[in-house]
Each structure stands twice: as structure tokens, then as C-alpha cells.
Amino acid sequence: MIRNGAVGSIRQAHVEYVQEWATSPVPDRGKGAIWRHDPEKVGRTSTIGDIGMHAYHLLHTITGQNIASVRG
């Protein structure tokens, strides 16, 4: 529908990519998730850089468009 133009011009999209591990305090997540909150390893982006990349790929795959801006 998007590719064929049936929905019109896409000017705004809201994308969510929920991860259950992000809902509990850091100690409850185990060693596999602790790095996601370590600025030394992930930089300033934290979860946005980690999970946000999955949301970006979802948006890009469905719409064929790139992100022009992000609002958190």
C-alpha cells in the first residue's frame, strides 16, 4: 500500500520497538544487558542507539524513506 501510494504522502511516522529486558532494573537483567547502560561501551546514545536502530530499520523497510529527524 505504501509502495503503491495508496496511503498518500508519508510526512510523519511513529515507530516503537519494545524490549521486555528494558523494563526491569539493571541488576535484574543479568550480564547480557548490563553493557547497554555503560556509556564507556555504548556512548551517549544508550538505548536509542541500540534499540533505536531496530526501529529505524523497521521504518525504512516499510516506507522506503530515511529518517529526517528524531523526537524522543
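The list of side-chain hydrogen bond (donor to acceptor under 3.5 Å, both in side chains) pairs with a residue in residues 3-12, not counting sequence neighbours, reads Q12-H14.
By the ring-ring contact (aromatic ring centres under 6.0 Å, His included) test, H57 is found to be paired with no residue, residues two or more places apart in sequence or in another chain being considered.
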| side chain to side chain contact (heavy atoms under 4.5 Å, CB included) evaluation trace for Y56 with N66 | CA-CA 8 Å; Y56 164 77; N66 291 315; 2.9 Å; yes
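Atoms CG and CD1, on L59 and I10 in that order, are 8.0 Å from each other to the nearest 0.5 Å. With rounding to the nearest 0.5 Å, the separation of CG in L58 from CE in M53 is 13.0 Å.
Of all heavy-atom pairs between Q65 and H60, the closest is O-ND1, 2.9 Å.
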